[in-house]
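For reference, the structure is listed below as structure tokens.
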Amino acid sequence: PQFVTRSGIEHRLSPELLVSLEHDTSIADYELQVPTTVQGFDVLRAFFPTRRDMSAGAHIEATWSPAPFVTLSPGARVDTYRSGTDSASSADARFSAVIIGNRHIRAIETIGTSHQPPGFVPQIPGAQVGGLTNGLQRSLQLSSGIAFDIANEFTGVVTAFEAQYLNLVDPIGQTRT
């Protein structure tokens, strides 16, 4: 069973400044559904313990247009995670800029940090490596793109992404890379 909530509010402080605040929570229960007679059951049970995972987060962002051709959006996010008896928290910063070249072309630049619990490499539905013993994975993410209006409300976007991952977990050996 899983329970998820998400809400958000926006408030325009002036014609040039919009502030938004969002929150989300998640509760998920995990239990391995494998017969105890399966070879390697103890290893599977160690990787996928019966547990409850919970998370809660909040995000605030300001969208400011100091001039008609530019929009700047600084933001911050805080999260807390719990998996079984382990817990971890994070704080992340984000920033984006949209620069209008003309009325049909826009440049979009972003930078931000991100934290998340360890993942399970073979993306098997419902399979989630348990625990936060080794903490959260981190990344620094950058993107740069161009958006262009095509016709009849269609927009094309070309974006390049770069990310530097830190503190990754090897779910088999539970070591950091």
Side-chain angles (χ1 to χ4, degrees), residues 1-14 16-32 46-66 70-98 106 108-145 147 157 159-172 174-177:
Q2 187 166 350
F3 174 76
V4 177
T5 64
R6 179 169 287 150
S7 66
I9 58 171
E10 291 183 342
H11 181 68
R12 185 161 294 283
L13 296 175
S14 71
E16 300 83 23
L17 183 60
L18 175 70
V19 175
S20 63
L21 177 64
E22 299 174 353
H23 104 284
D24 54 82
T25 58
S26 172
I27 300 173
D29 292 320
Y30 294 93
E31 182 177 1
L32 186 63
F47 284 134
F48 306 104
T50 299
R51 70 193 188 282
R52 172 169 281 180
D53 286 356
M54 298 182 284
S55 68
H59 173 249
I60 187 166
E61 182 175 80
T63 303
W64 180 46
S65 298
V70 66
T71 301
L72 306 173
S73 299
R77 181 173 178 88
V78 293
D79 289 284
T80 186
Y81 303 90
R82 186 166 181 84
S83 180
T85 59
D86 300 326
S87 61
S89 296
S90 66
D92 297 304
R94 300 171 182 178
F95 182 80
S96 70
V98 177
R106 296 165 300 287
I108 305 164
E109 308 295 328
T110 65
I111 186 170
T113 59
S114 179
H115 287 79
Q116 69 180 28
F120 185 53
V121 177
Q123 296 297 310
I124 302 168
Q128 175 81 20
V129 174
L132 295 167
T133 304
N134 293 315
L136 300 171
Q137 300 177 148
R138 300 185 308 264
S139 69
L140 172 63
Q141 303 170 346
L142 306 162
S143 70
S144 182
V157 180
T159 305
F161 297 92
E162 176 66 33
Q164 174 67 46
Y165 297 97
L166 306 165
N167 213 33
L168 294 178
V169 174
D170 166 11
I172 305 301
Q174 290 294 305
T175 59
R176 294 292 178 174
T177 59

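For D53 and R51, the salt-bridge test passes: some basic side-chain N is under 4.0 Å from an acidic carboxylate O. Taking the charged nitrogens against the carboxylate oxygens, R77 and D24 do have a contact shorter than 4.0 Å, which makes a salt bridge.
L72 is listed as a side-chain neighbour of F95, based on a closest heavy-atom distance under 4.5 Å. No side-chain heavy atom of Y30 sits under 4.5 Å from any side-chain heavy atom of S83. V19 places none of its side-chain heavy atoms less than 4.5 Å from the side chain of I9. Side-chain contact check for S89 versus V78: every heavy-atom pair is 4.5 Å or farther apart.
Defined by atom type and a distance below 3.5 Å, a donor-acceptor pair is missing between the side-chain atoms of T50 and E31.
In terms of modelled atom types and a separation under 3.5 Å, the side chain of S20 and the main chain of E10 share no donor-acceptor contact. The backbone N or O of L17 sits less than 3.5 Å from a side-chain atom of S14, completing a donor-acceptor pair.
Rounded to the nearest 0.5 angstrom, R52 CZ and D29 CG are separated by 4.0 Å. Distance CG/D92 to OG/S139: 8.0 Å, rounded to 0.5 Å. Annotation: the span from T110 atom OG1 to F161 atom CZ amounts to 7.5 Å, rounded to 0.5 Å. Rounding to the nearest 0.5 Å gives a distance of 14.5 Å between OH of Y81 and CG of D86. Between T85 atom OG1 and L132 atom CG the span is 9.5 Å, to the nearest 0.5 Å. Here the CD1 atom belonging to I60 is positioned 5.5 Å from the CG atom belonging to L21, to the nearest 0.5 angstrom.
Across every non-hydrogen atom of S87 and R82, the tightest pair is CB-NH1, 4.0 Å. Residues V4 and Q2 share a closest heavy-atom pair of CG2-NE2, 3.5 Å. Considering all non-hydrogen atoms of both residues, N167 and L136 come closest at ND2-O, 2.9 Å. S7 and H23 make their closest contact through OG-ND1, 2.7 Å (heavy atoms, listed as atom of the first residue, atom of the second, distance). Smallest separation of non-hydrogen atoms from V157 and A147: CG2-CB, 4.0 Å.
Each of S143, S96, S144 was scored for a side chain to side chain donor-acceptor pair (under 3.5 Å) with E109, with one residue passing: S144.
Within 6.0 Å of atom CZ in R12, more than 12 heavy atoms from other residues, nucleotides or ligands are found, so the atom counts as buried in its surroundings.
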